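Take a look at the structure below.
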Amino acid sequence: MDYFKIGDIIEVDGDWGIVSDFDLLNTTLKKISNEIVIVPNTKIVNGAFTNYTKDEFIKIKAKNLGRVPAGKPGAGSPAWLFCDEIIIH
């Protein structure tokens with residue numbers, strides 16, 4: 001199937017997850033909750049689906065707001081941006 005490959009993040013009919021397997025009849029998605037969803041390929045071929053990793057890159061913009069707000073630990077100090085995980089819906 002040329003629409004996606006194993007490891008791509010896709011959404012079909014409201015279900016989204018990482019493609020873990022596919023064959024002639026079905027595509028298997030693993031959701032972030034570790035739930036497994038089996039999608040009939042007819043839904044993919046005859047309906048709309050989104051491949052979120054088709055371009056392989058996602059651009060994220062983050063803005064530093066300057067100083068840590070009052071009432072928070074480190075108030076008045078320069079704020080830093082940290083990112084541990086990004087979940088794409």
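This structure is a prediction, so every number in the text was calculated from the model and none was measured.
- The side-chain contact (heavy atoms from CB on, under 4.5 Å) search around Ser20 returns Thr28, not counting sequence neighbours.
- In terms of the salt bridge (Lys or Arg N to Asp or Glu O under 4.0 Å) criterion, residue partners of Lys31 (sequence neighbours excluded) are, by chain and number, Asp15.
- Rounding to the nearest 0.5 Å gives a distance of 9.0 Å between CG of Asn51 and CD1 of Ile9.
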Tell me which donor-acceptor pairs under 3.5 Å the side chains of residues 67-79 have, and how far apart each pair is, sequence neighbours excluded?
from  : atom 1 : to    : atom 2 : distance (Å)
Arg67 : NH1    : Gly76 : O      : 3.2
Ser77 : OG     : Gly74 : O      : 3.1

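- Rounding to the nearest 0.5 Å gives a distance of 12.0 Å between CH2 of Trp16 and CD1 of Ile10.
- Sorted by first and then second residue, the pairs that involve residues 39-53 and meet salt bridge (charged side-chain N to carboxylate O under 4.0 Å, His left out), not counting sequence neighbours, are Asp13-Lys43.
- Side chain of Asp23 to backbone of Asn26: a donor-acceptor contact under 3.5 angstrom is found.
- The two residues Val12 and Phe49 come nearest to each other via the heavy atoms CG2-CB, 3.8 Å.
- Atom CD1 of Ile36 has more than 12 heavy atoms from other residues, nucleotides or ligands within 6.0 Å.
- Checked by atom type and distance alone, the side chain of Asp8 never pairs as donor or acceptor with a backbone atom of Thr53 at under 3.5 Å.
- Under the 4.5 Å side-chain heavy-atom criterion for grouping Ile, Leu, Val, Met, Phe, Trp and Tyr, Val19 is connected to Val45 within one hydrophobic cluster.
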inquiry  = Set out, in order, the CA-CA distance, both residues' side-chain angles and the distance that settles side chain to side chain contact (heavy atoms under 4.5 Å, CB included) for Phe4 and Ile44, then state yes or no.
reply    = CA-CA 11 Å; Phe4 50 80; Ile44 296 169; 3.9 Å; yes

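- Atoms OG1 and CG, on Thr42 and Leu25 in that order, are 9.0 Å from each other to the nearest 0.5 Å.
- Although no hydrogens or angles enter the test, the distance criterion places no donor-acceptor pair under 3.5 Å between the side chain of Thr27 and the main chain of Phe22.
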